[in-house]
Amino acid sequence: MLKVSQVRKVFNEGTVNEKIALQRIDLHLAPGDFVTVIGSNGAGKSTLMNVISGGIIPDQGQITIDGKEVTKLGEHQRASLIGRVFQDPTAGTAPNMTIEENLAIALGRGAGRRFALGVNKQKRELFREQLRLLDQGLEDRLKTKVGFLSGGQRQALSLLMATFTKPKILLLDEHTAALDPKRAQLIVDLTEKVVEQNKLTTLMVTHNMEQALNMGNRLLMLHNGTIILDIPQEQKKQMSTQDLLRAFEQARGGEAFAEDRYILT
Amino acid sequence: MGFAFNGAIEQGLLFAIMALGVYLTFRILNFPDMTVDGSFALGGALAAKLIIEGTNPLLATLLAMVAGAVAGIFTGVLSTKGKINGLLAGILTMIALYSINLRIMEQANLPLLREDTLYTMVKGWELPDLAIAGTTLLSGEALVFLLLVAVVIALVVWFLHTDFGLDLRATGDNPTMIRSFGANTDGTTIMGLAIANAMVAASGSLVAQYQGFADVGMGIGMIVIGLASVIVGEVLFGSSTILRAAIAVVLGSVVYRLVIMLALQAGLEASDMKLITAVIVIIALTLPNVLKGVWKKTTQTKGGGTHA
Ligand SMILES: Nc1ncnc2c1ncn2[C@@H]1O[C@H](COP(=O)(O)OP(=O)(O)OP(=O)(O)O)[C@@H](O)[C@H]1O
Ligand SMILES: [Mg+2]
């Protein structure tokens, strides 16, 4: 479903600020794979997401989604293949537009932009139905501007919008990190539900090791722009966060996983 | 009073089409488009020239709109493809248009005396004024202008609710998000600037026909007048929905003309009007904050935003 081959990205090449964000990434996701990604700050997780989404064009290598080569395509040209939820709850929605207008944009993804009313009765029904699944009472607030929603509500809406048209790849970049634990759990549950229902091939960055172990069927650890750990389902199921830390140290030849931000419980 | 009052209403309505264009770029697209001064005069200059050469005035107005759209596209391409700062891109187009407008007109001022224009046509209909108890509220011509502006509002509001319109609004609201949903924000920006400047040029050509001449300097300060209308309208009449905001902008344009009329009647010179305009904008921009500070000493936060 997703194939990342020999992808390399260097920022500010040849200057004092040179930074190798991705050294040489090879990654292959089968349809329906739900892969969690962990790694320390600056490991290249977001950069990996960005080269897949088209926000960043890699210096070398190839990216194929559902058999289609997209390496050099702009973000909007491959948007029909990709659903995305960002860390910042305000990033995935248009705050000055209503809930139904935001959903209409999501629904229109890849459909070619037309000069017909964006929201009609039929779509409104569909929106209500889908919003009901979020369990946030948003189905009764179609005409509310998204800017008035809470972070959790916005993130729930972003998730719905990102998956509305069943994209080939779902990219989640720490999409629960900005929420309080209760709301974060809600979004986690919702994520599992949505991914399960739509059989979405998913790549989820998280800083929560427990989340990384409990969710999905495969776990990747990134460090300095390389995948240093790739843990399959069977092994992952039996691991504790302590095991994961040990595995990291081994992979790094003894270097401890120095990361205050990680939630180990 | 009555005569000046009618004039202010009529002007307010004609300039409102320009103000709606400014609303589209500044508010909807979040693009500070300075092309306006140039494209307004471009509309007036081209329409006047074409009418003098015998072109049907309606066709001349439509061609002026096309020219305005091209000016908008030019600014849009400079900013999106050429990566020139949006403010500067507009200023460059505006400056270039000053020379182009002179080329079109071949002189600084083109009188439309004895020419058939859209305005003389409307005059010719001899519509009755709308009067209550002997006071004229709206001249027959103003009624026609009002109808025209209503149609423009309807079109703008409809457009902004189409799929494409939603993309355009999201481009101003959250470009990262709308790109992730497959819209080409370069395209929507260029398209928005084209539509806005077509409206500005239409306004310019109508104003030229209304006042009976085009002048190469007729666009100077237009962007500030447009902004004044938008801001005054929003402050006085609200902007909770697109429809409401569009109506507010039109009313803002009329209020602006009435303020100018009163300023003139109070003895100020026509040459003082740019100063008055600046003062109006400053008051409209600061007054809401000042009032807020008086009511409750809270800081103003703006919801949402864009993220790279
Ligand atoms: N646009 C950019 N220009 C220059 N350097 C960048 C840019 N984007 C990322 N980097 C650098 O590339 C490296 C990888 O960044 P990236 O954002 O992918 O890390 P991350 O794994 O997502 O980290 P975090 O956990 O903090 O989100 C970092 O050193 C970062 O400073
Ligand atoms: Mg990151």
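Every chain is numbered from 1, with letters handed out A, B, ... down the list of sequences.
With a 6.0 Å radius and a threshold of 12 heavy atoms from other residues, nucleotides or ligands, A/Lys3 has its NZ atom at or below the threshold. Counted within 6.0 Å of NZ on A/Lys168, heavy atoms from surrounding residues, nucleotides or ligands total 12 or fewer; the atom is thus considered open.
For chain B, the option among A/Gly92, A/Gly83, A/Ala162 with the highest count of heavy-atom pairs below 4.5 Å is A/Gly92. Interface remark: of the candidates A/Glu101, A/Arg84, A/Gln77, A/Glu101 forms the most heavy-atom pairs closer than 4.5 Å to chain B.
Every residue meeting the side chain to side chain contact (heavy atoms under 4.5 Å, CB included) condition with B/Ala89, not counting sequence neighbours, appears here in chain and number order: B/Thr75, B/Leu78, B/Ser79, B/Ile84.
In this structure, the portion of A/Ile82 lying under 4.5 Å from any heavy atom of chain B is its backbone and not its side chain. With a 4.5 Å cut-off on non-hydrogen atoms, A/Lys143 does not touch chain B at all.
In this structure the side chain of A/Met97 reaches within 4.5 angstrom of the side chain of B/Leu166, judged on heavy atoms. Using a 4.5 Å cut-off on side-chain heavy atoms (C-beta onward), B/Met177 and A/Phe86 make no contact.
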Side-chain donor-acceptor pairs of residues 234-243 of chain B under 3.5 Å, sequence neighbours excluded:
residue, atom, partner, partner atom, Å
B/Glu234, OE1, B/Arg27, NE, 3.0
B/Glu234, OE1, B/Arg27, NH2, 2.8
B/Glu234, OE2, B/Arg27, NE, 2.9
B/Thr241, OG1, B/Arg244, N, 3.1

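A side-chain donor-acceptor contact under 3.5 Å links B/Asn174 to the backbone of A/Ala91. Between the side chain of A/Asn96 and the backbone N or O of B/Gly172, no donor-acceptor pair lies under 3.5 Å.
Atom CG of A/Asn120 is separated from atom NE2 of B/His161 by 13.0 Å, given to the nearest 0.5 angstrom.
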